[in-house]
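Structure record follows, encoded as structure tokens.
Numbering of residues begins at 1 and proceeds along the displayed sequence.
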Amino acid sequence: MQTFDTAEHLIEQANPAIYVLETETGMGDRRMLLALHNIVRRCTPAYAYAEIGSYMGGSLVPHLMDRRCGLVVSIDRRPDVQPDERGVSFDYTRSPTAAMLDRLHENLPLSAMLKLQTHDCDAADLPEDAGATPFDLMFIDGEHTNRAAFSDFLSLWRFAKPDCIVVF
């Protein structure tokens with residue numbers, strides 16, 4: 001299990017080794033996400049992060065292990081089958097939130113988990129109090145269709161800070 005000091009060093013170095021759990025993001029995606037993560041860290045002493053499409057939680061780890069991040073919000077409808085613009089449907093029947101939380105609990109300190117909020121819903125159905133702390137960084141990686149990505153953006157934008165970075 002990584003310490004917060006080790007994790008923050010990896011984040012500052014944009015080192016993909018911070019991703020201690022499996023994630024469906026590629027190595028280039030991880031580097032890009034860490035570069036954007038560092039931009040947010042340089043611009044604000046404390047930040048809030050939201051992610052649509054957390055799947056098994058691997059891409060949440062850098063934010064959960066970053067002491068500067070005070071809130072991590074996971075939004076995922078968790079359908080059995082996830083449509084995709086590339087003409088492929090992905091089977092997600094084995095990805096309930098409980099499984100994601102178990103994986104995270106097994107690999108991260110409890111103090112990292114305390115800042116995590118999960119919502120098993122479409123972003124359009126996110127309760128208003130989910131944005132009590134406006135987001136500085138949002139990663140929209142749910143259903144990979146143009147219509148869904150645009151809908152997710154419109155639904156989540158109401159919770160964004162004016163200078164929020166939105167990643168698709």
Using the rule side-chain contact (heavy atoms from CB on, under 4.5 Å), only one of V166, V73, I165, D152 pairs with M138; which is it?
V166

Going through the distances and angles, do M113 and H105 end up as a side chain to side chain contact (heavy atoms under 4.5 Å, CB included)?
CA-CA 7 Å; M113 296 298 297; H105 276 292; 3.9 Å; yes

Apply side chain to side chain contact (heavy atoms under 4.5 Å, CB included) to the pair L34 and E12, showing each step before the final yes or no.
CA-CA 8 Å; L34 286 168; E12 289 166 0; over 6 Å; no

To the nearest 0.5 Å, how far apart are CD1 in I75 and CZ in F139?
12.5 Å

Using a cut-off of 6.0 Å, state whether more than 12 heavy atoms not belonging to E22 lie near its atom CD.
no

State which residues pass salt bridge (Lys or Arg N to Asp or Glu O under 4.0 Å) with E106; sequence neighbours excluded, sorted by chain then number.
none

Listing request: all ring-ring contact (aromatic ring centres under 6.0 Å, His included) pairs with a residue in residues 2-45, at least two apart in sequence or in separate chains.
H37-Y47, H37-H63

Heavy atoms only: give me the nearest A123-R158 pair and the separation to one decimal.
O-NH2, 3.6 Å

Taking atom CZ of R68 and atom CZ of R42, what is their separation to the nearest 0.5 Å?
10.0 Å

Under a 3.5 Å threshold, yes or no: a donor from one side chain and an acceptor from the other, between S74 and Q117?
no

Roughly how far, to the nearest 0.5 Å, is CG of D66 from NZ of K115?
6.0 Å

Spatial distance of atom CG (L64) from atom CD1 (I18) [nearest 0.5 Å]:
10.0 Å

Applying side chain to side chain donor-acceptor pair (under 3.5 Å), name anything that partners R103, two or more places apart in sequence or on another chain.
none

To the nearest 0.5 Å, what is the distance between OG on S151 and CG on N146?
12.5 Å

Counting heavy atoms not belonging to F168, are there more than 12 under 6.0 Å from its CZ?
yes

When rounded to the nearest 0.5 Å, the distance separating OG of S54 from CG of D141 is 8.5 Å

